[in-house]
Amino acid sequence: MSALRPSPIAPTVDFERDGVQHGFLRLPYSRDDSAWGSVMIPVCVVRSGKGSTALLTGGNHGDEYEGPLALYDLARTLDPKNVSGTVIIVPAMNYPAFRAGTRTSPIDKGNMNRSFPGRPDGTVTEKIADYFQRELLPRADIVFDFHSGGKTLDFVPFCAAHTLPDKAQEKKAFAAVEAFSAPFSMRMTEIDAVGMYDTAAEEMGKVFVTTELGGGGTSRAETVRIARRGILNVLRHAGIVEGAVEKGRTQWLDMPSGDCFAFAEEDGMIETMVDLGEPVEEGQVVARIHPVGRTGQAPQEIRARMSGLLAARHFPGLVKAGDCVSVLGVAVR
Ligand code: CA
């Protein structure tokens, strides 16, 4: 790592200074419409003395809005008088993607959550990932990354952490999930964890917490309320913001194996047979994919490979072979 060149990103804030600072992570990006231009990624630092550091991000994927809505709000309202330690807020981590309203960056098609550890001499997305990997993650004790389903998935609102080999680290992460107090709390399994911000933070030993709070390329009043209350709860739980955690009821869910995921094997028009949060029995048809090229064709039935409840579903009305159709969670405790 030490052989890598320094990051080209220059912060306009001082991470060691007390008070509130609103600034930028400025990333030089020379292009047709701006020869010596930069990508200006908004960052806020709220610091008051010694204490733990929380690193909070939204917009890792650019078409997910609960995180940015909660974090621009937190940056505007968090008073250092109520803080012990440091809160670093990057509401729109993949800022080019966020401005375009797309999951990946319009500059390089980079998926931030598949770009870690990044490269200081790589694409714009890789340079942002590298800055988080080498400059921001090492400062943090707790790392919170907001997600939702984006344009192509919709989720029941849950806060989540991963099962980890280090059980002490896992326990701290699940305690922070519990403090967030979303309607659901997930012990999460990834389809493919390589290159994820989650994995980078966890491999550094950080307490890493994430969410899936809805989706469809927008947000709902309820999910934004959950996000705003939840992030304050996590900061209170960590002892960084004063005040008691506002506990709410949460239902823990597990994703025990790859059987919780179902994928389309045909293109077509999707008919969901179960709504989010509803119970599903093994073998039950959770969705049907209707061929649309001609009449008279039977739909493909997508059957649950385990019992649980519908935690996520494909969002738009048309699907392609390979799309994730549904995700099941199993209620625990
Ligand atoms: Ca996401």
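All ligand and atom numbering here is 1-based and tracks the order in the structure. Bear in mind the structure is a predicted one, so any value in this text is a computation, not a measurement.
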Distance filter under 3.0 Å, centred on the Ca ion (ligand 1) - protein N, O or S atoms that pass it: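 The answer is His61 ND1, Glu64 OE1, Glu64 OE2, His147 ND1.
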
Partners meeting side chain to side chain contact (heavy atoms under 4.5 Å, CB included) with Leu27 (sequence neighbours left out):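 Result, side chain to side chain contact (heavy atoms under 4.5 Å, CB included) vs Leu27: Pro8, Ile9, Val39, Val124, Lys127, Ile128.
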
Just checking Phe180 against Phe144, ring centres under 6.0 Å apart?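 Close enough - the centres of the two rings lie under 6.0 Å apart.
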
Would Phe174 and Trp252 count as a close aromatic pair, with their ring centres under 6.0 Å?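 Close enough - the centres of the two rings lie under 6.0 Å apart.
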
Does the side chain of Glu64 come under 3.5 Å of the side chain of His147 through a donor N or O and an acceptor N or O?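 Indeed, the side chains of Glu64 and His147 share at least one donor-acceptor pair under 3.5 Å.
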
Main-chain N/O of Met40 paired with Ser38 side-chain donor or acceptor, under 3.5 Å: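 No; judged by distance alone, with no hydrogens or angles, the pair does not exist.
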
Side-chain donor/acceptor of Glu178 to backbone N/O of Ala175, under 3.5 Å: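 Not at all, since once roles are kept as given, no pair shorter than 3.5 Å links the two residues.
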
